[in-house]
Amino acid sequence: MSDTTPGWIAPAALVTAVIAVALAVWGLVRSSSDAAPAAGAEQTAEAKAEVCAAFDMVRNAVSLQTNADLGKDRVATQAVAANARLATLGGGQFLLSRLDAAVPSDLSDAVRAFANNLEYLGMGQLAGMAGDDPAQTSRLNDAQASATRVGELCK
């Protein structure tokens with residue numbers, strides 16, 4: 001650098017660079033916030049539809065498998081019980097895996113409650129708890145209440 005270069009050029013270049021970066025960040029933030037509400041609303045609607053469809057599938061599977069009756073055959077009865085446990089445990093996990101940040105929080109909370117109740121019911125069944133066990137009865141009542149709530153939110 002020669003002695004004839006003005007001393008103000010370096011500070012002026014630095015100020016110009018800082019202003020350019022600030023304007024770029026502002027433009028990026030502004031364009032992101034302008035586009036987010038429309039994409040967010042669409043993403044939320046899609047996430048809600050997916051979770052509600054998954055809920056309907058699980059509710060139907062659990063109902064079908066827990067109410068199946070193949071008669072008095074011991075092997076058939078065990079198969080029905082195994083399918084009921086699978087639908088209950090698997091249904092809870094299936095629902096929980098469908099939850100993400102785009103699902104509205106009230107729906108997400110209700111689905112999570114229902115799924116957790118299903119998992120506890122299924123584990124209780126595997127642990128040999130009878131259907132009239134007070135803990136199982138309470139879990140069943142909680143599952144039915146949370147299922148009703150999910151059904152209302154999915155309308």
Side-chain angles (χ1 to χ4, degrees), residues 8-70 79-155:
W8 58 269
I9 291 181
L14 180 60
V15 168
T16 302
V18 168
I19 290 171
V21 168
L23 288 173
V25 169
W26 177 77
L28 182 61
V29 168
R30 183 173 173 199
S31 68
S32 296
S33 65
D34 288 346
E42 182 178 323
Q43 186 179 14
T44 297
E46 288 174 5
K48 178 181 177 181
E50 180 181 344
V51 167
C52 290
F55 167 75
D56 285 339
M57 183 183 294
V58 167
R59 185 175 51 184
N60 291 337
V62 170
S63 178
L64 177 68
Q65 297 305 322
T66 57
N67 292 310
D69 184 9
L70 296 178
V80 168
N83 282 343
R85 293 172 184 141
L86 179 61
T88 304
L89 282 169
Q93 277 299 303
F94 181 77
L95 283 172
L96 290 173
S97 72
R98 299 302 179 278
L99 294 176
D100 63 32
V103 176
S105 63
D106 55 347
L107 178 58
S108 181
D109 292 344
V111 167
R112 191 171 286 108
F114 178 64
N116 287 330
N117 285 321
L118 287 180
E119 290 182 324
Y120 273 105
L121 280 165
M123 287 308 299
Q125 292 165 343
L126 288 173
M129 297 175 114
D132 60 354
D133 180 276
Q136 284 293 85
T137 301
S138 176
R139 291 178 189 127
L140 182 59
N141 291 337
D142 291 345
Q144 289 173 339
S146 57
T148 298
R149 178 72 178 138
V150 174
E152 291 168 355
L153 293 169
C154 284
K155 288 182 182 177

Counting C-beta onward and ignoring hydrogens, is there a side-chain heavy-atom pair between [X] and [Y] closer than 4.5 Å?
X	Y	value
Leu89	Leu118	no
Gln125	Thr88	yes
Phe55	Arg98	no
Val111	Leu99	yes
Asn116	Leu96	yes
Glu119	Arg139	no

Rounded distance [0.5 Å steps], [atom1] in [X] versus [atom2] in [Y]:
X	Y	atom1	atom2	value
Thr137	Leu121	OG1	CG	9.5 Å
Cys154	Asp56	SG	CG	6.5 Å
Leu64	Arg59	CG	CZ	13.5 Å
Asn117	Ser138	CG	OG	8.5 Å
Cys52	Leu107	SG	CG	5.0 Å

TODO: Begin from the C-alpha positions of Phe94 and Met57 and carry the test side chain to side chain contact (heavy atoms under 4.5 Å, CB included) through to its verdict.
DONE: CA-CA 10 Å; Phe94 181 77; Met57 183 183 294; 4.2 Å; yes
Open item on the list: More than 12 heavy atoms of other residues, nucleotides or ligands under 6.0 Å from CE of Met129: yes or no?
Closed with: yes
Closest non-hydrogen atom pair, [X] against [Y]:
X	Y	answer
Ala110	Ser146	O-CB, 4.1 Å
Thr44	Pro104	CG2-CG, 3.7 Å
Ala68	Val80	O-CG1, 3.4 Å
Leu95	Ala115	CB-CB, 4.0 Å

- [ ] Please check if the side chain of Lys48 supplies one atom and the backbone of Leu153 the other of a donor-acceptor pair under 3.5 Å.
- [x] yes
- [ ] Answer yes or no: is there a donor N or O on one side and an acceptor on the other, between the side chain of Thr66 and the main chain of Val62, under 3.5 Å?
- [x] yes
Open item on the list: Tell me whether the NZ or CZ atom of Arg112 lies within the 45° cone about the ring axis of Phe114 and under 6.0 Å from its centre.
Closed with: no
